[in-house]
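Take a look at the structure below.
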Amino acid sequence: MRRMKIIVTKFGGSSVADNIQIDKVKDIITSDKRRKYVVVSAPGKRSENDIKITDTLYTCKRNIEENLPFEQIFQIVVDRFTEIQKKLGTDVDFDKEFSIILENMKKGACQDYVASRGEYLNGKMIARYIGYDFIDAAKVIKFDEKGRFLEEKTDKALKRELSKHEYALIPGFYGSKPDGSIKTFSRGGSDVTGALVARASEASVYENWTDVSGFLMADPRIVKDPKPIESLTFQELRELSYMGASVLHEDAIYPAKIAGIPINIRNTNRPQDKGTIITAEPGKRSKERIITGIAGSKDFTVIAIYKNMLSTERGFIRKLAGIMEDYDIPLEHLPSGIDTVSAVISNKAINDRLGELVDEIKQQLHPDSIDVFDDIALIATVGLGMAARQGVSAKLFGALAGANVNVRMIDQGSSEMNIIVGVNNKDFKTAIRAIYEAFENQ
Ligand code: ASP
């Protein structure tokens with residue numbers, strides 16, 4: 001007999017923010033028996049100005065460190081869980097759990113322990129509510145003593161534990177080090193836990209339930225009603241998220257990708273929507289369309305360096321990269337011409353050291369001249385369909401010219417699946433709208 005396919009579902013903070021949302025989660029899980037393993041975040045925002053439980057917990061820990069009162073802040077967490085539990089009618093012994101956490105906090109428990117309690121408590125309660133076994137993530141998500149994630153060890157531990165449970169819930173975001181202390185992934189890390197569970201259980205799909213119906217072709221705050229992206233590849237997703245499109249934690253991609261498990265972004269508030277499906281290989285639709293999406297970020301600096309015969313000088317790029325390394329500034333892009341090269345770096349990474357950095361470049365590289373533009377926005381137009389198709393850049397640059405946007409820099413990835421343009425910060429939105437309109441109907 002063939003084993004029933006497993007679907008792993010992960011629900012983000014807004015999907016589990018209160019009892020009404022948790023009811024929707026229960027409906028989604030129980031509507032398909034294949035949804036055997038569930039990963040949840042801590043309760044997130046119930047409205048725009050609400051505060052996530054995880055943020056409240058971080059504040060709690062900060063207060064403890066600064067010798068400020070923290071009990072009142074922890075009470076916010078207590079009240080929120082107590083209220084949800086009351087409305088759901090579950091019977092987790094929260095009094096006991098809260099007093100253990102308080103006790104540990106007083107004894108100086110680490111920040112990651114405190115931050116992880118939102119997922120832990122929520123996981124216990126929701127597991128009870130949906131009738132699933134609870135697996136403490138500390139038991140199955142492994143880090144080494146230095147806090148580095150242990151991929152294979154985790155996979156083994158997860159496989160072993162999951163094989164004992166037909167239906168189980170695992171809280172997201174955290175795991176443990178060899179001494180048993182808690183370690184979390186970076187913020188938004190429940191997505192990573194979900195991907196790991198999907199890999200270990202050889203799921204047929206990893207459903208990531210959030211509050212949007214997947215990826216859109218452009219940021220809806222910039223473009224009115226952008227079209228949804230029905231499907232895209234992991235590679236396209238990487239390009240889009242690098243440039244600022246954020247729906248999924250970046251580290252969630254790898255485990256799903258190596259295991260060949262598609263990720264389906266779904267909307268808890270609109271389960272009827274198909275969402276976006278992310279796969280390793282391009283589907284039919286991905287090949288037909290030209291561009292998949294447009295994403296961008298503001299506030300980059302371009303340091304354009306000119307030097308006669310630069311292209312034949314040995315070690316020039318190495319020295320430039322070395323300076324950036326010394327300053328701990330990631331080189332985002334490095335477009336080059338015959339006797340020019342431009343270092344594109346983020347303003348955040350420069351952090352007021354621009355003058356110093358330019359002096360260092362002058363001293364070490366002796367350029368003929370340097371131009372610095374510190375208000376550059378980068379916009380990536382991404383799509384597998386662009387490769388080997390003529391006229392795409394003509395259309396893109398035509399659209400930018402038509403919108404009176406001056407292009408300050410161009411970089412095309414060697415895979416031919418993206419074109420990155422640098423424009424002035426002030427032209428950021430105009431440029432995105434112009435590109436979107438040019439390709440909206442492909
Ligand atoms: N609760 C954690 C955060 O707010 C992790 C997550 O939700 O994925 O970052």
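None of these values were measured; they are calculated from a predicted model. In each ligand, atom 1 is the first atom listed, and ligand 1 is the first ligand listed.
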Just by modelled atom types, is the Ile350 backbone N or O under 3.5 Å from a matching donor or acceptor in the Arg353 side chain? yes
Okay, side chain of Thr154, backbone of Lys142: is any donor-acceptor separation there less than 3.5 Å? yes
Given the side-chain rings of Phe74 and Phe70, with only the six-membered ring counted for Trp, is the space between their centroids under 6.0 Å?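 No, they do not, as the ring centres are separated by 6.0 Å or more.
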Does the ring center of Phe185 lie less than 6.0 Å from the ring center of Phe143?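 So the answer is yes for these two rings.
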Does any N or O atom in [X] lie less than 3.5 angstrom from one in ligand 1, N or O only?
| X | value |
| --- | --- |
| Ser41 | yes |
| Phe173 | no |
| Glu119 | yes |

4.5 Å side-chain heavy-atom contact, Asn441 and Lys227: yes
What part of His249, side chain from CB on, backbone N/CA/C/O, both or neither, has a heavy atom under 4.0 Å from ligand 1? neither
Considering non-hydrogen atoms of the protein only, which is the closest contact for atom 4 (O) of ligand 1, and what is the distance? Arg187 NH2, 2.9 Å
Does some non-hydrogen atom of Gly13 fall short of 4.0 Å from ligand 1?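 For ligand 1, residue contact (heavy atoms, under 4.0 Å) with Gly13 is absent.
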So, does Gly118 sit close enough to ligand 1 that a heavy atom of it is under 4.0 Å from the ligand?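 It does not, in that no heavy atom of Gly118 comes within the 4.0 Å cut-off of ligand 1.
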Measure from NZ or CZ of Arg117 to the centre of the six-membered ring of Tyr120, then state whether that distance is under 6.0 Å and the direction lies within 45° of the axis.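 So Arg117 does make the cation-pi contact.
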Those atoms of ligand 1 less than 4.0 Å from some heavy atom in Ser190: 5 (C), 6 (C), 7 (O), 8 (O)
